[in-house]
Amino acid sequence: MGLFDRWRAPAGGSAQSTTAPSVRRPLLPVPDVDADGESLDEAVRAHLERLTAAAETDVDSLTTEQFDAALTSRLVARDRLHATGLGFSYALPFTEDMDEVLTLDLPTTVVTLPDSRLAATRRSVATLMEVGRTNLRHEMDTADVEVVRLGSGRRTVSALVSDSAYTASFARFLVEAVNRWMPGADLHGGIVFAVPHRHAIVLQTCASQAETRLALDLVPTLAAQMYADGTGPVSPHVYHWYHREITRLTEEQEDGTLVVHATPLLEGMLGRSSGRRAS
């Protein structure tokens, strides 16, 4: 059940609300920015056409309560977001190439909200973002997440996967996610992770030299493969979470390949001096 369905079909009867709608004018729909397609322009056009009818019925009739129930924070690729040209100045940086934005989790689609829609609510971005993050946490509580091992033999790392379109966005609360689905994990050396597509987070804790080596060897390769093959690409890059700070470990070359730059901390855990490796 999506967040939108919490007010749409409550137990014991139909949904009712006396709260006045925040906005009565129609919402111009915005494409799901991690939608698949041969090009972003084509995805934009096709998605706008599909969403127009829904926007005229579902979105324009939302009360404040219903809007808040559907409002959900989401991590998206920065270049795809701003390539729409629709204006997302409120977007908050999560990494060098991913932003946190607000969406409406509707029954049949996800609508990404531009500046104009947020301004029309006459509420602060901070207030709306708090609501969106609360709903993202609720999605974490209800999503059917599976922890799988990727790799072969003893050389494997973990992935959190689910059908939820917000799975990758659980990285916004990475430590909470790891503690929830991998209880007892040793986080003293941080977490190397990637969010290749909307349904997965690839990760490896770095509590030992062996774990750190696995993280740097496997996560970049797996992330690149899953980014290319998965539904709803987010980012091919790899990051290191350590003491609430996130550092990007990969850099894209002119030929499209990624080079891994381990931090001094990670190199120290491996017992060697700084260097770089191709993924």
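No experiment lies behind these values; they were computed from the predicted model shown.
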Provide the closest heavy-atom pair for [X] versus [Y] in the form atom of the first, atom of the second, distance.
X	Y	answer
V219	L203	CG2-C, 4.5 Å
A171	F94	O-CZ, 3.4 Å
T257	D255	OG1-OD1, 2.6 Å
A143	S162	CB-OG, 4.4 Å
H237	E252	CE1-N, 4.0 Å
Q253	E251	NE2-O, 3.4 Å

Within the distance-only criterion (no hydrogens, no angle test), does the side chain of [X] pair as donor or acceptor with the backbone N or O of [Y] below 3.5 angstrom?
X	Y	answer
T221	L218	no
R149	T156	yes
T167	V161	no
H197	V234	no
N135	D68	yes
D99	R78	no

Can [X] and [Y] be counted as having a side-chain donor-acceptor contact under 3.5 angstrom?
X	Y	value
E139	S164	yes
D186	T205	no
D97	Y239	yes

Taking the side chain as C-beta and beyond, is there a heavy-atom pair between [X] and [Y] under 4.5 Å?
X	Y	value
L270	L216	yes
F170	L136	yes
V76	T112	no
V192	V238	yes
E100	R133	yes
N179	L187	yes
L258	P236	yes
R198	R74	yes

Checklist entry - Taking a hydrophobic cluster as the set of Ile, Leu, Val, Met, Phe, Trp and Tyr residues connected by side-chain heavy atoms closer than 4.5 Å, whether directly or through intermediates, do V157 and Y227 fall within one such cluster? => result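 No: no chain of side-chain contacts under 4.5 Å links V157 to Y227.
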Distance from [X] atom [atom1] to [Y] atom [atom2], nearest 0.5 Å?
X	Y	atom1	atom2	value
R137	F173	CZ	CZ	4.0 Å
L128	S73	CG	OG	11.5 Å
Q209	L214	CD	CG	11.0 Å
W241	L174	CH2	CG	7.5 Å
H261	T263	NE2	OG1	12.0 Å
C206	I191	SG	CD1	8.5 Å

Checklist entry - Relative to each other, are the rings of Y242 and H240 parallel, tilted or perpendicular (30° and 60° limits)? => result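 Parallel.
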Item to check | Steps toward side-chain contact (heavy atoms from CB on, under 4.5 Å) verdict (Y166, R172) | outcome: CA-CA 10 Å; Y166 291 90; R172 175 62 183 78; over 6 Å; no
Next on the checklist: Does D141, at its CG atom, have more than 12 non-hydrogen atoms belonging to other residues, nucleotides or ligands within less than 6.0 Å?
Outcome noted: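 Correct, the count exceeds 12.
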Next on the checklist: Is it the case that atom CD in E130 sees more than 12 heavy atoms from other parts of the structure closer than 6.0 Å?
Outcome noted: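 No, because the 6.0 Å sphere around CD of E130 holds 12 heavy atoms or fewer from other groups.
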Next on the checklist: Could you walk me through whether L102 and Y90 satisfy the side-chain contact (heavy atoms from CB on, under 4.5 Å) test, starting with their C-alpha distance in whole Å, then the side-chain angles of each, then the deciding distance to 0.1 Å, before giving a yes or no?
Outcome noted: CA-CA 9 Å; L102 291 168; Y90 76 90; 3.9 Å; yes
Item to check | Pair L75-V195, side-chain contact (heavy atoms from CB on, under 4.5 Å): steps then yes or no | outcome: CA-CA 9 Å; L75 299 180; V195 285; 5.5 Å; no
Next on the checklist: Between L62 and L104, does the side-chain contact (heavy atoms from CB on, under 4.5 Å) criterion hold? Intermediate values first, please.
Outcome noted: CA-CA 11 Å; L62 296 183; L104 291 180; 4.1 Å; yes
